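Comments concern the structure below.
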Amino acid sequence: MTNLEKLNNIFCEVFGIEPSVLGPGLDKNSVENWDSVHQLSLTSALEDEFDIMLDAEDILEFTSYDNAKSILAKYDIEL
């Protein structure tokens with residue numbers, strides 16, 4: 001499984017969404033149940049999956065699918 005597939009699976013699992021909605025328009029305003037609890041679940045799952053420790057500032061920036069990809073790139077996670 002590629003890193004992008006892992007990211008996609010985590011997004012789908014945490015937010016209960018279909019893979020077809022993943023893309024540039026996916027953000028906290030377009031997902032009904034994207035709240036602080038789900039955002040922390042997302043970041044925790046990503047930390048576990050990619051064996052990284054996100055900075056608090058980065059955790060706060062996890063507000064969209066594209067931001068998630070950019071933040072993971074900062075941690076040398078190739079997608």
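Computed from a prediction, not measured in an experiment: that's the story for all the values here.
Put simply, CG on L54 and CD on E61 are 12.0 Å apart, with the number rounded to the nearest 0.5 Å. Taken from SG in C12 to CD in E5, the straight-line distance is 11.5 Å, to the nearest 0.5 Å. Separating the CE atom in M53 from the CD1 atom in I59 is a distance of 8.0 Å, to the nearest 0.5 Å. Rounding to the nearest 0.5 Å gives a distance of 12.5 Å between CD of E32 and CD1 of I17. Rounded to the nearest 0.5 Å, atoms CG (N67) and NZ (K28) are 10.0 Å apart. Rounded to the nearest 0.5 Å, atoms NZ (K69) and OG (S64) are 9.5 Å apart.
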Walk me through whether D27 and D66 qualify under side-chain contact (heavy atoms from CB on, under 4.5 Å). CA-CA 8 Å; D27 62 24; D66 282 343; over 6 Å; no
Stepwise, does the side-chain contact (heavy atoms from CB on, under 4.5 Å) test hold for D55 with Y75? CA-CA 10 Å; D55 292 335; Y75 292 84; 3.7 Å; yes
Please determine whether side-chain contact (heavy atoms from CB on, under 4.5 Å) holds for the pair M1 and N9, giving the CA-CA distance in whole Å, both sets of side-chain angles, and the decisive distance to 0.1 Å. CA-CA 10 Å; M1 181 180 295; N9 286 342; 3.3 Å; yes
Go through the steps for D58 and T43 under the test side-chain contact (heavy atoms from CB on, under 4.5 Å), then give the verdict. CA-CA 9 Å; D58 289 332; T43 55; over 6 Å; no
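Inter-residue side-chain proximity for I52 and L72 is flagged as met; some heavy-atom pair is nearer than 4.5 Å. Contact annotation: the side chain of P19 never approaches that of N8 to less than 4.5 Å [non-hydrogen atoms, C-beta and beyond].
Counting all heavy atoms, side chain and backbone alike, K6 lies closest to F50 at CB-CZ, 3.9 Å. A pairwise comparison of heavy atoms in W34 and L42 identifies CZ2-CD2, 4.4 Å as the closest pair.
More than 12 heavy atoms of other residues, nucleotides or ligands shown are found within 6.0 angstrom of CG on D48.
In this structure a side-chain-to-backbone donor-acceptor pair under 3.5 Å is missing from E13 to I10. Q39 places a side-chain N or O within donor-acceptor distance of the main-chain N or O of F62, the cut-off being under 3.5 Å. One N or O on the side chain of H38 and one on the backbone of N33 form a donor-acceptor pair closer than 3.5 Å.
Under the 4.5 Å side-chain heavy-atom criterion for grouping Ile, Leu, Val, Met, Phe, Trp and Tyr, L40 is not connected to L60 through any hydrophobic cluster.
Residues Y65 and F11 place their aromatic rings such that the two centres sit under 6.0 Å apart.
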